[in-house]
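Numbers here are sequence positions counted from 1.
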Amino acid sequence: MDYKTQVINGTTYAFIDKSHWNSEKKRGEHKRKYIGKVIEGKLVFNKKYLLEKQLETQKTSKPGPVPVTSCKRSFYGAVYLLSCIAEKIGLRDDLKACFGDIYKELMSLAFYLVLEEGQAMYRFKKWGHTHVHPFGADIPSQRISRLFGMITEDAKMAYFKRQAKRRCETEYLAFDTTSISSFSELLKQVKYGKNKEGDDLPQINLALLFGEVSMLPVYYRKLPGNIADVKTIDNLIKDVDFLDLVKLQLCMDRGFFSQKNINELMKHHHKFLIGARTGLKLVKTHLDDIRDSFVTCQAFLKMSRELSFNSPAIVGLF
């Protein structure tokens, strides 16, 4: 490389002398471009010159094939389906509104629990490595424990309130309880009661309010295992009032029937449909008044079914 040198204050600078024609002045001129220093007889380029050379090389060179350094296969189909469902029913938006920055982690944990039913939470690492999920990274066991601890009662009730408003104006809300058997000796709510699983174990009761048409949950509450169904209405009414539900229409089975519950539901102006045991004196009294017409109606329905092949229009009326 041809270059010239110039000593300035004891330092030898290297430069390239470029000549060019000045058309305005009608004469030839020279322009110096400093490229570095000469140190102990060796040319050391400055950063500006090296950067210019790098940019020139990038402009003139064509990018070659990039070698593959890793190969990974990830499952996405089931998670994509759950993500679409979460978007459609408003679950994603409600989680984001109620739980803030941790909502993606909660969604990933929920998807894991749905797709890997019965698996322990510490196995999330393996599942998350092979699946595309909302959070997109590993959630260690300690972080999972902290996340569960961050789900406060206020945040849950705010989430229930948002979900309830999406359901109660378009469908009846069914209310029921189930029992979850447990071997735990530490949980305070684990007590002996009417076990719906049919095993001889203490339990926790889970009360659930859900849409009859959509089959989507609106609200749930854990209850001690020794609380009977008929006594859970008090908690339901309190929570429903707190959730500020309007146009509430409840549907319950006969396990919740009692005079006190009926009075409380009417007192709070809730619309409801509830089953009752036919052996109760109150029910018998009212059934006796309409028994004859009721039996006649049943006989007519039976006859219409027998004639269904000949008179399908009659059956269609019922």
Side-chain angles (χ1 to χ4, degrees), residues 65-160 162-163 166 177-190 195-199 201-211 214-223 225:
V66 179
V68 177
T69 57
S70 64
C71 180
K72 181 180 179 181
R73 180 183 67 175
S74 297
F75 297 98
Y76 186 49
V79 175
Y80 176 73
L81 173 62
L82 292 179
S83 298
C84 291
I85 293 174
E87 186 76 24
K88 184 174 182 180
I89 67 177
L91 184 145
R92 177 183 174 277
D93 292 338
D94 291 348
L95 282 177
K96 185 177 182 180
C98 299
F99 295 97
D101 296 336
I102 65 172
Y103 83 98
K104 288 186 177 181
E105 292 173 275
L106 294 179
M107 284 184 65
S108 292
L109 294 178
F111 290 174
Y112 167 74
L113 291 172
V114 171
L115 298 177
E116 302 292 327
E117 183 179 1
Q119 294 293 334
M121 294 307 301
Y122 76 87
R123 296 180 64 86
F124 177 88
K125 181 176 182 178
K126 180 180 179 181
W127 180 87
H129 181 71
T130 58
H131 288 75
V132 178
H133 56 92
F135 184 59
D138 180 35
I139 308 177
S141 296
Q142 292 182 344
R143 174 60 178 173
I144 293 174
S145 298
R146 286 197 295 269
L147 285 171
F148 288 159
M150 294 166 69
I151 301 176
T152 63
E153 191 67 18
D154 290 341
K156 282 197 301 184
M157 296 304 286
Y159 173 77
F160 293 154
R162 294 177 69 93
Q163 279 288 297
R166 297 178 185 274
T177 63
T178 188
S179 61
I180 304 174
S181 301
S182 175
F183 289 96
S184 175
E185 297 179 356
L186 300 176
L187 297 177
K188 294 181 179 179
Q189 290 182 315
V190 174
N195 193 294
K196 299 183 180 182
E197 300 294 329
D199 48 38
L201 287 172
Q203 67 196 40
I204 288 179
N205 286 340
L206 181 67
L208 181 65
L209 187 68
F210 61 95
S214 64
M215 300 298 291
L216 294 173
V218 169
Y219 139 97
Y220 76 88
R221 179 170 290 281
K222 294 182 296 180
L223 300 169

Could you go step by step and tell me if Leu208 and Thr178 meet the side chain to side chain contact (heavy atoms under 4.5 Å, CB included) rule?
CA-CA 8 Å; Leu208 181 65; Thr178 188; over 6 Å; no
So which heavy atom on [X] is nearest to which on [Y], and how close?
| X | Y | value |
| --- | --- | --- |
| Pro134 | Phe111 | CG-CE1, 3.5 Å |
| Val190 | Ser184 | CG1-O, 3.9 Å |
| Leu115 | Ala78 | CD2-CB, 3.8 Å |
| Val79 | Val132 | CG1-O, 3.0 Å |

Determine whether the aromatic ring centres of [X] and [Y] lie less than 6.0 Å apart.
| X | Y | answer |
| --- | --- | --- |
| Tyr103 | Phe99 | no |
| Tyr220 | Phe160 | yes |
| His131 | Phe75 | yes |

For a salt bridge (charged side-chain N to carboxylate O under 4.0 Å, His left out) check, start with the C-alpha distance between Glu105 and Arg146, then their side-chain angles and the critical distance, and finish with the verdict.
CA-CA 11 Å; Glu105 292 173 275; Arg146 286 197 295 269; over 6 Å; no
Any residue meeting side-chain hydrogen bond (donor to acceptor under 3.5 Å, both in side chains) with [X], in chain and number order, not counting sequence neighbours:
| X | answer |
| --- | --- |
| Arg123 | Gln119 |
| Glu116 | none |
| Asp199 | Ser181, Asn195 |

Give, for atom [atom1] of [X] and atom [atom2] of [Y], the distance between the pair rounded to the nearest 0.5 Å.
| X | Y | atom1 | atom2 | answer |
| --- | --- | --- | --- | --- |
| Leu209 | Leu216 | CG | CG | 12.0 Å |
| Ile85 | Arg92 | CD1 | CZ | 15.0 Å |
| Cys98 | Tyr159 | SG | OH | 8.5 Å |
| Leu186 | Lys188 | CG | NZ | 11.0 Å |
| Ser214 | Arg166 | OG | CZ | 12.0 Å |
| Leu206 | Gln189 | CG | CD | 10.0 Å |

Is there a side chain to side chain contact (heavy atoms under 4.5 Å, CB included) between Phe124 and Ser141? Walk through the geometry before answering.
CA-CA 8 Å; Phe124 177 88; Ser141 296; over 6 Å; no
Going by ring pair (Phe, Tyr, Trp, His ring centres under 6.0 Å), Tyr112 matches just one of Trp127, Tyr122, Phe135. Which one?
Trp127
Would you say Ser179's side chain and Asn205's backbone share a donor-acceptor pair under 3.5 angstrom?
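A pair under 3.5 Å: no.
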Polar side-chain atom of Gln203 near backbone of Ile180 as donor-acceptor pair, under 3.5 Å:
no
Would one find more than 12 heavy atoms of other residues, nucleotides or ligands at under 6.0 Å from atom NZ of Lys156?
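Yes, because the 6.0 Å sphere around NZ of Lys156 holds more than 12 heavy atoms from other groups.
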Under a 4.0 Å threshold between the charged nitrogen and the carboxylate oxygen, would Asp138 count as salt-bridged to Arg143?
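The answer is no: the pair does not qualify as a salt bridge.
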I want to check something: taking the side chain as every heavy atom from C-beta on, are Ile204 and Leu223 in contact at a cut-off of under 4.5 Å?
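No, their side chains stay 4.5 Å or more apart.
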Go through it in stages, so that I can follow the logic: the residues are Met121 and Ile139, the test is side chain to side chain contact (heavy atoms under 4.5 Å, CB included), and I'd like the CA-CA distance, side-chain angles, deciding distance and then a yes or no.
CA-CA 10 Å; Met121 294 307 301; Ile139 308 177; over 6 Å; no
